[in-house]
Amino acid sequence: MKIRRVLATAVALAVTTPAALLSVSPAYADAKPAAQTQDQQKSKPTIKELEEAAAEAQKAYDKAVKAEAAGRVELDKTLDDLSEVNGTHPLAVASAAAKQTAEDAAAAKTAADQAVTEAKAALDALTETATEEERTAAETALSEAEATATAAATAKTAADTAAAEAREKLDDARVAAVRAYGVLQNAAKDALAVKVAADAALAKAIKEAEEAGEDEEGEEGGDCEPELDLTAEVTGLPDKLVAGTSTDFSVRVTNGSDRHMDEVLTYVSVYATDTSGLKDTDKFFRLQWSTKSAPKWQNADADNYIDGVGALKPGTHADIKLRLTLDKATPAGNGVAFIAADFFNEDGTCGGAPGLDMYEFDVKAAGSKPGRAEDAKPSKTTKPGNTGTTPQGSASGTPVTTGTNGSLAATGSSSATTSIALAGGAAVLLGAAAVFVVRRRKTGADA
């Protein structure tokens, strides 16, 4: 028996994310996303469409790289213009002038204070033989010196305030310039992540097409049906993990349907990158599981399917204990854990939960103090026909559930997809989706 899986999640991300990037990134301001019909969103993209998506992703990446390079040149020029030493920008000129005025005011105040000191000394030096005129003149000189010193102090305060305000405006302009360049940097990274995912989706689709051609006649069959009442809920997974530590959490798989399920498989996969989002680090992760029927800790296999649940009667559930261990050498970065459940029966029927829960978490370097960590909370399972995705934000510890007609979701070009594409962990999300699809497909074909 073969479980036929849809490539929807990775394919949709690969197809729609480049278009989303084109519509929102300054680097691609002259392009617009292609509109998708409802039928296009629900159907499985063809290899030709994937080829077009990969080509589009390549163009977007090339454009982003050029935009980043041009942005770097512009940033250097802008920072030179904003230099307080020899900058020509009006803010730089104003800041330099205000700084000089403050220095002159400080010098004037110092001179005025010295004049007061000298006037007091002259008055104190008068002897009893001094005339009334001499004493009056000394007192007048002191009074005038004190008035000048008071005015100098006021002028210095005003000059210092003006200099600080001018410097703050100058600093704000510099920060704005750096942030503008940072947008181009992030756009280039996100475009690369999209390109990698698009290329991977195309390669896997071609491979699957070749494998499908080798199937014996009649084995193609139909797609497995979604089972809304087959759920996999996670508890105890924190949104912050520290290298060199182990974390125990659990998954409860529940058959809330009225059908008997001969064999239930739970999919649990962990994917991570460093802080750049471009270097895979999941090789430093070790995932183990145990169940009531198999209490000894076992390493998750290459396909990331856990077969310790077995059969589930209607209305029953099974708990899986999980242990995630991070090597001390694990770099700081971001990660996601994918959770899903499938079933297949001896009569050939099969299916799976119509959603893929994705839990995001931060990875802290060894010895770090994670601070307050929150447990992941399950989101609502997406119903069939919902073609959107729901990102919860970086390292939120809250799952992103995707779902529609089948075990994996087909997504449309939406603001949610745009949010995923532009998030700092875009490479994690896109790469992990492709890895999940490949592994789930492989396991289904071998069942």
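If you read the sequence from its start, that first residue is 1, and numbering goes on from there. In this text, all values refer to a predicted model and were calculated from it rather than measured experimentally.
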query = Does any N or O in the side chain of Ser293 come within less than 3.5 Å of the main-chain N or O of Gly308, such that one atom is a donor and the other an acceptor?
reply =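 Between the backbone of Gly308 and the side chain of Ser293 there is a qualifying donor-acceptor contact (under 3.5 Å).
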ask   = Where the side chain of Arg174 meets the backbone of Leu82, is there a donor-acceptor pair that is under 3.5 Å apart?
value =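 At least one qualifying donor-acceptor pair exists.
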Which pair of non-hydrogen atoms, one from [X] and one from [Y], has the smallest distance, and what is that distance?
X	Y	answer
Ala318	Val309	CB-CG1, 3.8 Å
Leu126	Glu134	CD1-O, 4.0 Å
Ala112	Ala152	CB-CB, 4.0 Å
Thr247	Gly236	CG2-O, 4.3 Å
Thr235	Phe249	O-CB, 3.2 Å

query = Which pairs count as salt bridge (charged side-chain N to carboxylate O under 4.0 Å, His left out) when at least one residue sits in residues 144-170, sequence neighbours excluded?
reply =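 Matches after skipping sequence neighbours: Glu84-Arg167, Lys156-Asp160, Arg167-Asp171.
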message = By the definition side-chain hydrogen bond (donor to acceptor under 3.5 Å, both in side chains), identify the one residue from Thr281, Asp280, Asn304 that meets it with Tyr271.
response = Asp280
message = I'd like to know whether Leu184 forms a side chain to side chain contact (heavy atoms under 4.5 Å, CB included) with Leu75, so could you lay out the CA-CA distance, the side-chain angles of the two residues, the decisive distance to 0.1 Å, and finally the verdict.
response = CA-CA 11 Å; Leu184 298 180; Leu75 174 63; over 6 Å; no
message = Less than 4.0 angstrom from a charged side-chain N to a carboxylate O is my criterion; do Asp362 and Lys240 meet it?
response = no
inquiry  = So that I can tick it off, tell me whether Arg72 and Asp76 are bridged by a salt bridge, with the cut-off set at under 4.0 angstrom between side-chain N and carboxylate O.
reply    =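 Yes, this pair counts.
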task = Mind telling me whether Phe285 and Phe361 have parallel, tilted or perpendicular rings, with 30° and 60° as the class edges?
result =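 Tilted, since the angle between the ring planes falls between 30° and 60°.
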task = Determine, stepwise, if the pair Glu139 / Leu142 fulfils side chain to side chain contact (heavy atoms under 4.5 Å, CB included).
result = CA-CA 5 Å; Glu139 290 175 346; Leu142 175 59; 5.7 Å; no
query = What residue pairs, at least two apart or across chains, pass side-chain hydrogen bond (donor to acceptor under 3.5 Å, both in side chains) with a residue in residues 97-108?
reply =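 Output for this query lists Gln100-Asp104.
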key: Test side chain to side chain contact (heavy atoms under 4.5 Å, CB included) applied to Thr154 - qualifying residues, sequence neighbours left out   = none
